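Beneath this line is the structure, given in C-alpha cells, with notes to follow.
Please read these numbers as outputs of a predicted model, since none were measured by experiment.
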Amino acid sequence: MQDKTIGIIGGGLCGLTLAYKLKLKGVSVKLIEANSRLGGRIFTKDIEGTKVELGATWLWDYNTSLIELAEELGIQFFPQEMKGDALFESMSAHNPQRFQLPPNQQISYRVVNGTSQFIEKLTNQLAAEEIALNTQIRSVKEEGNKLVLNSSDKEFVVDQLISTIPPQLLVNSVEFSPSLPSEIVRLGNTTHTWMQDSIKCAVTFTSAFWKQQGLSGVGFSHVGPFMELYDHSNKANTTFALMGFLNGGLAQESFEKRKEKVLGQLIKFFGDEVKDEFISYEEKVWGQEPLTLFPSNRFLSAHQNNGHSMYQEPLFNGKFIIGGTETASSYAGYMEGAVHRALEIAKEL
Ligand SMILES: Cc1cc2nc3c(=O)[nH]c(=O)nc-3n(C[C@H](O)[C@H](O)[C@H](O)COP(=O)(O)OP(=O)(O)OC[C@H]3O[C@@H](n4cnc5c(N)ncnc54)[C@H](O)[C@@H]3O)c2cc1C
C-alpha cells in the first residue's frame, strides 16, 4: 500500500479526516479542492476576532467519532448558551412573546474558536504538496489499473480515488470514463445534500445586551426573515453575536435587503440597542454555492437516500469510492457523518 497514491476529491471535513487517517497509515495522499479555501460546509468567518459560524455549528454527545477526533486534535467545545427567556414571533402585527425554554433539552455544543478548528488542525497534519487548492476536478478516466483526473489545467494519476463531494453534485459535475453505472447516477440525483438551501446570518455586537434584559438570545419566528436565532457569543464572553437561519425564500433578495430586514426584525425583538451596539452583518446563502449544490427542480426530502447501502460498494474494480457525509451509514449529513465515513473508508483501504 505504501507505494500507492490515493486521490481525494474535496477538502471538507470528510476529505481532510480521510487524508489525515491515511497519512497515519503511511499512505501517500493527494487532496484536491476546487475552492480557494478548505472546509466546504464548515465555514467560520473571523470578523476582527469575533468568530461566527456561517456553516456547521453544533455537535452533540452522541457524535462519538467527531468527539474522539476533537480529543485527538486538542479541540475543545462548550455548551450553547441558553440561559434566560426566549422570544417567539407568531405574526408581524404582534410583538414577540417571551417564554421560558423547557429544561433538560439535549445539550448542543459549540467549538471553541469555531468549527473551522477541525479544518485548521487537520490541514496542519498535511504537507503543502499534498493539497491542491483552486483545482476543480472535471473528469475521471480509468486507464488500466490507474485513474486519471483532470481539472481545467492539471492532471493527476492515482491508484485509488475517493470523492467526498455531495453525491448529487458529483454525478452532475464530474465526467466519468467509462460512465458511472446508471443506478449510481440515479441514486446520486436523488440523494439530498444537507443544508443545501439554507441561509445563515450572524450579527456581531459590542456587548450581549440581550442578557441584561434576561433574554437568552434564542428567538423563533413564523414571520422571518430569521426563523431561528441563537446567542453566538464566545466561550470567554469577550466577543458577542447572534446567529440565525433565514427564510430560504430570501435567497432572491439582495444582500442589502436581507441585512435591512434582519436588523429590522432584531430591533423588534431586542429594541434600539441593536442599532447602538451593532458592529457587522454577515451571511452565507448556501443555495448559491456551486461547490455544494447542484441546482435541480427535483424535490428531495431531507436526508433522502443519505447513507444508502449502494455507496458502500467500490466502483471501477475497487479503485473508486463515493464518500462524503451524505454517504455515511450513521449521522449522514452532519459533521459526525463526515468523520464516520472517513474512518470507514480509511479502514477499508
Ligand atoms: C448552514 C449549515 C449548517 C450546518 N450545521 C451543522 C451543525 O450544526 N452540525 C453538524 O453536525 N453539521 C452541520 N452542517 C453539516 C456539515 O457542515 C456537513 O455535514 C459537513 O461539513 C460535510 O463535510 P463533507 O466533507 O462531507 O462535505 P463538504 O463540506 O461539502 O466538502 C466537500 C468539498 O468538496 C469541494 N468540491 C466540490 N466539487 C469539487 C470538485 N469537482 N473538485 C474538487 N473539490 C470539489 C467543495 O468545495 C468542498 O470543500 C451544516 C451545514 C450547513 C451548510
Side-chain angles (χ1 to χ4, degrees), residues 8 10-21 31-60 63 65-81 108-128 130-134 164-166 193-196 198-204 230-236 238-245 279-286 289 291-292 324-325 331 333-342:
I8 299 170
L13 182 59
C14 186
L16 282 164
T17 305
L18 179 59
Y20 164 58
K21 291 290 171 182
L31 182 133
I32 306 156
E33 167 57 50
N35 211 338
S36 56
R37 67 167 184 92
L38 293 164
R41 280 172 278 173
I42 288 182
F43 180 29
T44 310
K45 192 166 175 189
D46 189 336
I47 303 116
E48 292 174 19
T50 302
K51 294 187 172 152
V52 294
E53 306 283 21
L54 297 178
T57 306
W58 297 288
L59 60 141
W60 297 271
N63 290 174
S65 307
L66 186 65
I67 290 172
E68 222 168 271
L69 180 67
E71 280 164 3
E72 212 172 308
L73 297 171
I75 292 173
Q76 295 177 338
F77 17 93
F78 64 106
Q80 167 67 47
E81 176 66 85
S108 314
Y109 296 93
R110 289 178 53 207
V111 175
V112 174
N113 290 322
T115 47
S116 64
Q117 281 297 296
F118 281 101
I119 303 307
E120 280 171 33
K121 301 225 168 180
L122 287 166
T123 306
N124 289 345
Q125 307 293 324
L126 302 175
E130 289 169 324
I131 302 175
L133 286 175
N134 302 304
T164 67
I165 76 180
T193 304
W194 184 233
M195 287 285 176
Q196 60 174 26
S198 69
I199 309 177
K200 247 186 154 188
C201 79
V203 184
T204 66
Y230 299 93
D231 180 283
H232 206 55
S233 307
N234 66 352
K235 183 178 184 229
T238 51
T239 66
F240 312 101
L242 292 167
M243 181 276 286
F245 292 87
I279 302 176
S280 77
Y281 169 82
E282 310 296 329
E283 64 166 32
K284 173 88 179 156
V285 181
W286 284 92
E289 176 49 76
L291 296 172
T292 301
T325 186
Y331 300 109
Y334 298 91
M335 292 188 284
E336 170 70 9
V339 173
H340 182 88
R341 186 67 177 128

Partners passing side-chain contact (heavy atoms from CB on, under 4.5 Å) against Asp46 (at least two apart in sequence or in another chain): Lys51
Main-chain N/O of Gly55 paired to Trp286 side chain as donor or acceptor, under 3.5 Å: no
Donor on one side chain, acceptor on other, Glu53 and Tyr230, under 3.5 Å: no
Contact check, side chains of Arg41 and Thr193, non-hydrogen atoms, under 4.5 Å: yes
Side-chain touch Leu73/Asn124, heavy atoms, less than 4.5 angstrom: no
Worked verdict on Phe118 versus Leu66 for side chain to side chain contact (heavy atoms under 4.5 Å, CB included): CA-CA 9 Å; Phe118 281 101; Leu66 186 65; 3.7 Å; yes
From CG (Asp231) to CE (Met243), nearest 0.5 Å: 9.5 Å
Nearest heavy atoms of Cys14 and Gly324, plus distance in Å: SG-N, 3.5 Å
Note, Ile279 side chain near Glu48 side chain (heavy atom, < 4.5 Å): no
Over all atoms of both residues, closest heavy-atom pair of Tyr20 and Leu126: N-CD2, 4.3 Å
Derivation and outcome, side chain to side chain contact (heavy atoms under 4.5 Å, CB included), residues His232 and Thr57: CA-CA 10 Å; His232 206 55; Thr57 306; 4.1 Å; yes
Pairwise side-chain contact, Arg110 with Trp58, heavy-atom cut-off 4.5 Å (strictly under): yes
Distance in Å, Gln117 CD paired with Ile42 CD1, rounded so as to fall on 0.5 Å steps: 11.0 Å
Shortest non-hydrogen contact between Ala70 and Phe77, atoms and distance: CB-CE2, 3.6 Å
Spacing of NZ belonging to Lys235 relative to CG belonging to Asn113, to within rounding of 0.5 Å: 10.5 Å
Atom pair CD/OH of Gln80 and Tyr109 - distance to nearest 0.5 Å: 12.0 Å
Validation row: Leu31, Leu38 side chains within 4.5 angstrom (heavy atoms): yes
Side-chain donor/acceptor of Thr164 to backbone N/O of Gly10, under 3.5 Å: yes
Test: Glu289 and Lys284 ion pair at under 4.0 Å: yes
Which atom of Leu133 lies closest to which atom of Ser36, heavy atoms considered: CD1-O, 3.6 Å
Distance, nearest 0.5 Å, that separates OG1 of Thr115 from CG of Leu13: 9.0 Å
Spatial distance of atom NZ (Lys21) from atom CD (Gln125) [nearest 0.5 Å]: 9.5 Å
Non-hydrogen side-chain atoms of Thr204 and Thr239 separated by less than 4.5 Å: no
Heavy-atom side-chain proximity of Met335 to Asn63 below 4.5 angstrom: no
Side-chain donor or acceptor of Thr325 paired with backbone N/O of Gly333 under 3.5 Å: yes
Close side-chain approach of Tyr331 to Val339, heavy-atom, < 4.5 Å: no
Exercise: identify the closest heavy-atom pair between Leu16 and Gly11: CD1-O, 3.5 Å
Heavy-atom closest contact (Val52 atom, Ala241 atom, distance): CG1-CB, 4.2 Å
Tyr334 and Trp60 aromatic ring geometry - parallel, tilted or perpendicular at 30°/60° bounds: perpendicular
NZ/NE/NH1/NH2 to OD/OE distance under 4.0 Å, Lys121 and Glu72: no
Expected output: side-chain Glu336 to main-chain Ser65 donor-acceptor under 3.5 Å: yes
